[in-house]
Peer 1: 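Questions regarding the structure given below will be posed in turn.
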Number of protein chains: 2
Amino acid sequence: MVKITDVAAHAGVSPSTVSYALSGKRPISQETRLRIERSIRELGYRPHAGARSLASSRARVLALVLPLRRGMHVPVVMQFATSVVTAARDHDHDVLLLTGSEGEEGLIRVSHSAMADTFVIMDVEVDDRRLPLLRTLDQPSVLIGYPADPTGLTCVDLDFRQAAQACVDHLAALGHRRVALVGSHPEVYVRGTGFARRVAAGFTAAADRHGLASSVHPCADTPVAARALAERLVREQPGLTAVVVHNEPIVQPLVEALTALGLRVPQDVSVAAICPDEIAEPAATPITSVSLPTALVGARAVELLMSKLQGAAVPETTMLPVHLTVRATTAPPPA
Amino acid sequence: MVKITDVAAHAGVSPSTVSYALSGKRPISQETRLRIERSIRELGYRPHAGARSLASSRARVLALVLPLRRGMHVPVVMQFATSVVTAARDHDHDVLLLTGSEGEEGLIRVSHSAMADTFVIMDVEVDDRRLPLLRTLDQPSVLIGYPADPTGLTCVDLDFRQAAQACVDHLAALGHRRVALVGSHPEVYVRGTGFARRVAAGFTAAADRHGLASSVHPCADTPVAARALAERLVREQPGLTAVVVHNEPIVQPLVEALTALGLRVPQDVSVAAICPDEIAEPAATPITSVSLPTALVGARAVELLMSKLQGAAVPETTMLPVHLTVRATTAPPPA
DNA sequence: GTGAAAGCGCTAACAA
DNA sequence: TTGTTAGCGCTTTCAC
């Protein structure tokens, strides 16, 4: 193994000079710097992470806590994780992967053992049990999602409220008078994940503002459940001409269920979705949707964390804007 | 921060005794052990990971390299990752998350800096560029998938060949005479990912053995592509009565496309899939499928790694068996 | 602009 | 069965 003393000897300088050349924490003459860089390259030197963390109390590691439960759309989680890893690497950090199931114990373990010096927590619930702990940890953290009380925390999320509003605004402008929201898995509401509630709130508020009749329907994320709900909607709400879906796995099944019931999309019923473009775009009938720039959330979370590491003050909440793309599944209601 | 000397003082023993009590590397009297455990609990002591890694050359970290590319079914990747994290925790290890896009450089960085002491590489290609490097690394690794030459490596994968065979055997037994395989995204074949080729090979071999006419069709993972392929199959192969699908995202779309073309499943055409139960089971017509116990792969990979860490010899290749479940999409061909 | 040297907290000989 | 102590490789005062 190549160590810093090897590099120092090879470059004809002291170990501390190599260290400073690496960290940039004190000025080095152009000449020595080049000599050191050359030695590092020739010897293939990489600082020992443990030694570095021990001496500097900085592990250069970000701990990422991912949820792995019902009602989470996996591709979205994955995309988010990828963006965190990429952003972390841009700041010369690595990523430690934790599962939400480890709970508070996992956070304490990683924090106290100094394995990581920052935390990103995904899928935070409204009254998350981990919040008090996060407020006391030595390491800064960023939450994805909004808890009831963000005081003393840093939270990032997409503007789901605006997402729902954008859908309703669009449908109202087309002339629809009665709209329904097909929402997340019932469990998601029960456990109080913020985004599901914010979608529902934004949906209802916008409908009220436009004077539309509206209803909200949690739905399991299986084709069978989508079909059942579609039947119920058609049966119970004859005047219904537009549906907003916020449940990735059943966007397509729902459209198909409506079609199977004899309703043409968009001639008889309009469908707008809140989902990634990867779902909306390749559909047989491309779906009008509010796309979720998930990758931006991860990148922003890492940025905020790096600012906090440097002692900068950051906002307690950050809302990332979303954008509606009109495609082929929305049209004026039938005359 | 609580350190080992604090625990030692609190328990009235030397630091080394605490260390040995923790590692179990030398016998400790029942009494001192209990006293130490009590002190650790009361003080909330957690060993400093960096210090530990520096002193022992063991980071207790497993680096997991995940692919994030076209043609990978994300839920499967995620499920696999989860099983690796869980298994690693069972062995008191944490998991460092790397993306395949970091390539060899990422492996070198993590290896040389001693951040991790084992590697799990997912989605290995037949002629993977990382193989020579992996053979020379100080840390043991396990590959998910099979390269052309596994010499000096440790590889784990599901028995995809057997999976395809099981489907063909089942269809042949039902009396089908002409079968088609709808395979992975064309890119997957181009880049030479082993499992796609093994499925194709197993499929063709089994069909030949049974004297069936057979054909193989790579397919993009979108509903549109599934529909197009279904039309082509119906048009070009009038005698076709059975299809095997190995492409998770389009299992359902393909069934629907066939139905839309006027073919009843399973009366007119049988469909068998190679996919997770989570896809096959909840379908409107539950799909006959070979299920892929992805979670077992991760657990086995970690087990092999831990054995290697202890210097044990492990097989170069491990094939995990799969199992066919007959559901509602397969039946004898029409008379 | 550079060097010398004292730790960071832990493990693992070596000693008893 | 337990204690003493010399590092592990790096960062960072302190000194020049």
Side-chain angles (χ1 to χ4, degrees), chain A residues 1-37 39-40 43-61 92 109-117 138 309, chain B residues 1-37 39-40 43-61 92 109-117 138 309:
Chain A
M1 165 188 211
V2 185
K3 35 202 199 188
I4 200 167
T5 50
D6 298 331
V7 176
H10 188 272
V13 297
S14 76
S16 62
T17 302
V18 176
S19 175
Y20 283 118
L22 240 30
S23 68
K25 285 188 182 172
R26 86 179 184 190
I28 306 278
S29 74
Q30 176 70 356
E31 188 210 326
T32 20
R33 146 159 293 124
L34 287 176
R35 206 138 33 85
I36 291 173
E37 282 169 358
S39 297
I40 290 180
L43 301 180
Y45 168 68
R46 315 271 171 167
H48 186 290
R52 185 176 249 194
S53 133
L54 181 57
S56 70
S57 337
R58 276 252 187 298
R60 302 182 150 277
V61 167
D92 203 23
R109 181 171 53 80
V110 172
S111 167
H112 284 32
S113 66
M115 296 196 76
D117 21 45
D138 286 337
L309 262 189
Chain B
M1 168 191 206
V2 185
K3 34 202 202 189
I4 201 168
T5 51
D6 298 331
V7 177
H10 187 272
V13 297
S14 76
S16 63
T17 303
V18 177
S19 175
Y20 285 119
L22 241 29
S23 68
K25 286 190 181 173
R26 84 181 184 188
I28 306 280
S29 74
Q30 177 70 358
E31 189 209 326
T32 21
R33 145 159 294 124
L34 288 175
R35 206 141 32 84
I36 290 173
E37 283 170 358
S39 298
I40 289 180
L43 301 180
Y45 168 70
R46 315 269 170 169
H48 187 290
R52 185 176 249 195
S53 131
L54 181 57
S56 70
S57 333
R58 276 253 184 294
R60 303 182 149 278
V61 167
D92 202 24
R109 182 171 51 80
V110 172
S111 168
H112 284 31
S113 66
M115 297 195 75
D117 21 45
D138 286 337
L309 262 190

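Chain naming here is simple, since letters A, B, ... match the order of the sequence lines and numbering starts at 1 in each. Keep in mind that what you see is a predicted model, and the values were worked out from it rather than measured.
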Peer 1: Hey, could you give me the CG/CE distance between A/Leu43 and A/Met1, rounded to the nearest 0.5 Å?
Peer 2: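 Result: 12.5 Å between the selected atoms.
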Peer 1: With the threshold set at 4.0 Å, does a side-chain nitrogen-carboxylate oxygen contact exist between A/Asp92 and A/Arg60?
Peer 2: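 Yes, this pair counts.
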Peer 1: Between B/Lys25 and C/dA12, does any side-chain N or O lie under 4.0 Å from OP1 or OP2?
Peer 2: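 Yes, because at least one side-chain N or O of B/Lys25 sits under 4.0 Å from OP1 or OP2 of C/dA12.
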Peer 1: Apply side-chain contact (heavy atoms from CB on, under 4.5 Å) to residues A/Met115 and A/Val61 and explain how you reach the verdict.
Peer 2: CA-CA 7 Å; A/Met115 296 196 76; A/Val61 167; 5.8 Å; no
Peer 1: Of the candidate nucleotides D/dG9, D/dG7, C/dT2, which contains the atom at the shortest distance from the side chain of A/Ala55?
Peer 2: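 Closest of the options to the side chain of A/Ala55: D/dG9.
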Peer 1: Return the value, rounded to whole Å, for the distance between atom NE2 of A/His112 and atom C1' of C/dG9.
Peer 2: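 The answer, rounded to whole Å, is 16 Å.
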Peer 1: Tell me the interatomic distance from A/Met115, atom CE, to C/dG9, atom P, rounded to whole angstroms.
Peer 2: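 Rounded to whole Å, this separation is 17 Å.
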Peer 1: Look at all strands and tell whether B/Ser57 reaches a base, only sugar-phosphate, or nothing, counting heavy atoms closer than 4.0 Å.
Peer 2: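 Nothing, no nucleic acid heavy atom in range.
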Peer 1: For B/Ile4 and D/dG7, what is the distance between atoms CD1 and C1' respectively, to the nearest whole Å?
Peer 2: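 Rounding to the nearest Å, CD1 of B/Ile4 and C1' of D/dG7 are 15 Å apart.
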Peer 1: Over all strands shown, is A/Ser16 touching base, sugar-phosphate only, or nothing at heavy-atom distances under 4.0 angstrom?
Peer 2: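 Touches a base.
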Peer 1: Select base, sugar-phosphate, or nothing to describe what A/Ser19 touches, counting heavy atoms under 4.0 Å on all strands.
Peer 2: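 Base contact.
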Peer 1: Between A/Thr5 and D/dG9, does any side-chain N or O lie under 4.0 Å from OP1 or OP2?
Peer 2: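 A/Thr5 to D/dG9 OP1/OP2: no side-chain N or O under 4.0 Å.
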Peer 1: Would one find a side-chain N or O of A/Ser56 under 4.0 angstrom from OP1 or OP2 of D/dT11?
Peer 2: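 A/Ser56 to D/dT11 OP1/OP2: no side-chain N or O under 4.0 Å.
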Peer 1: Whole-Å distance between C/dC8 C1' and A/Asp117 CG?
Peer 2: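 Interatomic distance, CG of A/Asp117 to C1' of C/dC8: 15 Å.
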Peer 1: Nearest-Å distance, CD1 (A/Ile36) to P (D/dC10)?
Peer 2: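 Roughly 14 Å, once rounded to whole Å.
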Peer 1: Verify whether one side chain among B/Ser19 and B/Ser16 offers a donor that lies under 3.5 Å from an acceptor in the other.
Peer 2: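 The answer is no; no qualifying pair exists.
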Peer 1: Are any of the side-chain heavy atoms of A/Ile4 and A/Pro47 separated by less than 4.5 Å?
Peer 2: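 A side-chain contact under 4.5 Å is absent here.
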Peer 1: Which listed nucleotide (D/dG9, D/dT2, C/dC10) is nearest to the side chain of A/Leu54?
Peer 2: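 Side chain of A/Leu54 sits closest to D/dG9.
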Peer 1: Rounded to whole Å, please give me the gap between CG in B/Leu43 and C1' in C/dG9.
Peer 2: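 Result: 15 Å.
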Peer 1: D/dG7 P sits how many Å from A/His48 NE2, rounded?
Peer 2: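 From A/His48 NE2 to D/dG7 P: 17 Å.
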Peer 1: Can you figure out which of D/dG3, D/dT2, D/dC10 approaches the side chain of B/Val13 most closely?
Peer 2: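 Selected nucleotide (nearest to the side chain): D/dG3.
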Peer 1: Tell me whether the side-chain N or O atoms of B/Tyr20 pair up with the base of C/dA13 as donor and acceptor below 3.5 Å, since no angle test is needed here.
Peer 2: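 It does, because a donor-acceptor pair links the side chain of B/Tyr20 to the base of C/dA13 below 3.5 Å.
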Peer 1: Could you tell me whether the side chain of B/Arg35 reaches within less than 4.5 Å of the side chain of B/His10, counting heavy atoms only?
Peer 2: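 Answer no - side chains too far apart.
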Peer 1: Hey, is the side chain of A/Ser53 poking within less than 4.0 Å of OP1 or OP2 on D/dC10, counting only N and O atoms?
Peer 2: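 Answer is no, no contact under 4.0 Å.
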Peer 1: When the nearest nucleotide of DNA chain C is assigned to B/Pro15 and to A/Arg35 on a heavy-atom basis, which residue is associated with the more 5' position?
Peer 2: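 The answer here is A/Arg35.
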Peer 1: Output the rounded distance in Å from CZ (A/Arg52) to P (D/dC8).
Peer 2: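 Rounding to the nearest Å, CZ of A/Arg52 and P of D/dC8 are 19 Å apart.
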Peer 1: Could you tell me whether the side chain of B/Arg26 has a donor or acceptor atom within less than 3.5 Å of a complementary atom in the base of D/dT1?
Peer 2: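 By the distance-only test, no, there is no pair.
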Peer 1: Regarding B/Ser23, tell me which of base, sugar-phosphate or nothing describes its non-hydrogen contacts under 4.0 Å with the strands shown.
Peer 2: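 Touches nothing.
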Peer 1: Please determine whether a side-chain nitrogen or oxygen atom of A/Thr17 lies at a distance below 4.0 Å from atom OP1 or OP2 of C/dG3.
Peer 2: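 Affirmative; the distance criterion is met.
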Peer 1: Which of these nucleotides, D/dT2, D/dC10, C/dG3, is closest to any side-chain atom of A/Pro47?
Peer 2: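 Given the options D/dT2, D/dC10, C/dG3, the side chain of A/Pro47 is closest to D/dC10.
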